[in-house]
Trainee: 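I have a structure I would like to understand better, so I am pasting it below and will then ask my questions one at a time.
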Amino acid sequence: SDYQLFVFFDVSMILIYMAIPMYWVLLLYRQRAILNPPSTDEQLVYYLRDNDEDVQPLRFLFIPYRPNSLFFESFEMYRRIVFIGVLPLMASRTDRRAAIGVFFALCSLEMFRNIEPFQTPSTNLLAYVAQYAVLLTFGAALMLNAGLGDGLSPILSAFLSFFSRRFLLPLSLPLFF
């Protein structure tokens with residue numbers, strides 16, 4: 001029937017989509033001697049990997065990252081898939097999804113803080129602040145679903161709304177440009 005054909009096609013496309021980051025890992029792993037040689041001088045590693053013609057097609061996967069974070073783009077892809085595609089399917093109740101989102105956001109926050117995958121410190125800081133924005137979003141959703149915001153005064157609610165729009169949104173906008 002048409003439905004079974006649709007399910008087969010849909011499952012096939014999802015599996016292909018989920019395999020792409022693993023394929024990236026495989027491609028990067030094959031070139032790891034060039035991309036992350038056993039050298040202690042990071043600047044030399046950047047020079048070598050930027051000037052090697054064999055790895056130029058893979059450049060989009062590693063150029064913003066430090067050599068020891070070679071596979072971070074693949075990990076980041078799966079992190080985004082979890083937040084966008086898996087989290088909504090994990091629980092039927094919104095408060096549980098918000099609690100799971102808070103947990104994932106805390107894990108993501110710690111991961112960015114400990115790994116610092118980007119070459120530039122300002123990009124690491126921006127990614128870290130963005131993780132706080134994700135945490136605050138899920139935390140606010142959990143608070144609203146639990147009814148904890150019902151007793152807030154209108155002045156405090158207005159302040160929290162102003163704070164999130166005035167400070168958190170401008171800090172996260174550079175991530176999109």
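Position 1 is the first residue of the sequence, and the numbers go up from there.
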Trainee: Using only atom types and a distance under 3.5 Å, with no angle test, would you say the side chain of Gln119 pairs donor to acceptor with the backbone of Ile63?
Mentor: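 Checking the backbone N and O of Ile63 against the side chain of Gln119, a donor-acceptor pair under 3.5 Å is found.
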Trainee: Just say parallel, tilted or perpendicular for the rings of Tyr128 and Tyr132, cut-offs at 30° and 60°.
Mentor: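 Plane angle over 60°, so perpendicular.
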Trainee: Is there a continuous path of hydrophobic side-chain contacts, each under 4.5 Å between heavy atoms, that joins Ile84 to Phe112?
Mentor: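 Each belongs to a different hydrophobic cluster.
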Trainee: In the structure I gave you, are the side-chain heavy atoms of Ile34 and Leu48 within less than 4.5 Å of one another anywhere?
Mentor: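 No, too far: nothing below the 4.5 Å cut-off.
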Trainee: Could you list the residues that satisfy side-chain contact (heavy atoms from CB on, under 4.5 Å) with Tyr78, not counting sequence neighbours?
Mentor: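 Tyr78: side-chain contact (heavy atoms from CB on, under 4.5 Å) contacts with Met18, Pro21, Met22, Ile81.
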Trainee: What residues form a ring-ring contact (aromatic ring centres under 6.0 Å, His included) with Phe83, not counting sequence neighbours?
Mentor: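 Partners of Phe83 by the ring-ring contact (aromatic ring centres under 6.0 Å, His included) criterion, ordered by chain and then number, come out as Phe138.
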Trainee: Distance check, rounded to the nearest 0.5 Å: Leu5 atom CG versus Asp10 atom CG?
Mentor: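 Here the rounded value is 11.0 Å.
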Trainee: Under 4.5 Å between any side-chain heavy atoms of Phe60 and Trp24, yes or no?
Mentor: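 Side chain of Phe60 against side chain of Trp24, heavy atoms only: contact under 4.5 Å found.
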Trainee: Filter on side chain to side chain donor-acceptor pair (under 3.5 Å), then keep only pairs touching residues 79-98, sequence neighbours left out; what's left?
Mentor: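 Those involving residues 79-98 are Glu76-Arg79, Glu76-Arg80, Arg79-Ser108, Arg79-Gln131, Arg93-Asp95, Thr94-Asn145.
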Trainee: I need the minimum non-hydrogen distance between Val45 and Leu35, along with the two atoms involved.
Mentor: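 Taking Val45 first and Leu35 second, the nearest heavy atoms are CG1-O, 3.6 Å.
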Trainee: Over all heavy atoms of both residues, which pair between Ala91 and Ile100 is shortest? Give the atoms and the distance, please.
Mentor: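 For Ala91 versus Ile100, the nearest heavy atoms are CB-CD1, 4.4 Å.
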Trainee: Shortest non-hydrogen contact from Ile115 to Arg66?
Mentor: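 Closest approach of Ile115 to Arg66: O-NH1, 3.5 Å.
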Trainee: CG of Leu61 to CE of Met77: how many Å apart, nearest 0.5 Å?
Mentor: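 Leu61 atom CG to Met77 atom CE measures 10.0 Å (nearest 0.5 Å).
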Trainee: Going from CG on Leu136 to CE on Met143, what distance comes out if it is rounded to the nearest 0.5 angstrom?
Mentor: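 Going from the CG atom of Leu136 to the CE atom of Met143 covers 10.5 Å.
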Trainee: Could you pull out the closest heavy-atom pair between Arg49 and Tyr65, with the gap in Å?
Mentor: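 It is NH2-O, 2.7 Å.
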Trainee: What closest approach, in Å, do Val55 and Gln31 show between heavy atoms, and which atom pair accounts for it?
Mentor: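 So the minimum-distance heavy-atom pair works out to CG1-OE1, 3.6 Å.
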Trainee: Linking I/L/V/M/F/W/Y whenever their side-chain heavy atoms sit closer than 4.5 Å, directly or via other members, would Leu27 and Ile20 fall into one cluster?
Mentor: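 In one cluster with Leu27: Ile20, yes.
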Trainee: Do the side chain of Asn51 and the main chain of Tyr47 share a donor and acceptor less than 3.5 angstrom apart?
Mentor: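 Flag set: sc Asn51 to bb Tyr47 pair under 3.5 Å.
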Trainee: Please evaluate residues Tyr29 and Phe71 with respect to the criterion side chain to side chain contact (heavy atoms under 4.5 Å, CB included), reporting the C-alpha separation (whole Å), side-chain torsions for both, the decisive distance (0.1 Å), and the verdict.
Mentor: CA-CA 8 Å; Tyr29 184 78; Phe71 305 112; 4.1 Å; yes
Trainee: Calculate, to the nearest 0.5 Å, the distance between atoms CD1 and CZ belonging to Ile14 and Phe9 respectively.
Mentor: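 Answer rounded to 0.5 Å: 10.5 Å.
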Trainee: Hydrophobic clustering (ILVMFWY, side-chain heavy atoms < 4.5 Å, transitive) - are Tyr23 and Leu15 grouped together?
Mentor: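 They do not share one cluster, since no chain of ILVMFWY contacts under 4.5 Å joins Leu15 to Tyr23.
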Trainee: Output all residues satisfying side chain to side chain donor-acceptor pair (under 3.5 Å) with Ser1, sequence neighbours left out; order by chain, then residue number.
Mentor: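 For Ser1, no residue satisfies side chain to side chain donor-acceptor pair (under 3.5 Å) once neighbours in sequence are set aside.
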Trainee: For Tyr17, what residues pass the side chain to side chain donor-acceptor pair (under 3.5 Å) criterion, not counting sequence neighbours?
Mentor: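 Side chain to side chain donor-acceptor pair (under 3.5 Å) check on Tyr17 returns nothing, list empty.
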Trainee: Could you tell me which non-hydrogen atom of Arg59 sits nearest to which non-hydrogen atom of Asp50, and how far apart they are?
Mentor: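 Shortest heavy-atom contact: NH1-OD1, 3.5 Å.
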Trainee: Could you pull out every donor-acceptor pair under 3.5 Å between side chains of residues 120-127 and any protein atom, sequence neighbours left out?
Mentor:
| unit_1 | atom_1 | unit_2 | atom_2 | d |
| --- | --- | --- | --- | --- |
| Thr120 | OG1 | Thr123 | OG1 | 2.5 |
| Asn124 | OD1 | Phe118 | N | 2.9 |
| Asn124 | ND2 | Phe118 | O | 2.9 |

Trainee: Answer whether the closest heavy-atom distance between the side chains of Tyr46 and Glu42 falls below 4.5 Å.
Mentor: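 Counting from C-beta outward, Tyr46 and Glu42 do come under 4.5 Å.
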Trainee: Would you say Leu44 ends up clustered with Leu70 if hydrophobic residues are merged whenever their side chains have heavy atoms under 4.5 Å apart, either directly or through other cluster members?
Mentor: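 Hydrophobic grouping puts Leu70 apart from Leu44.
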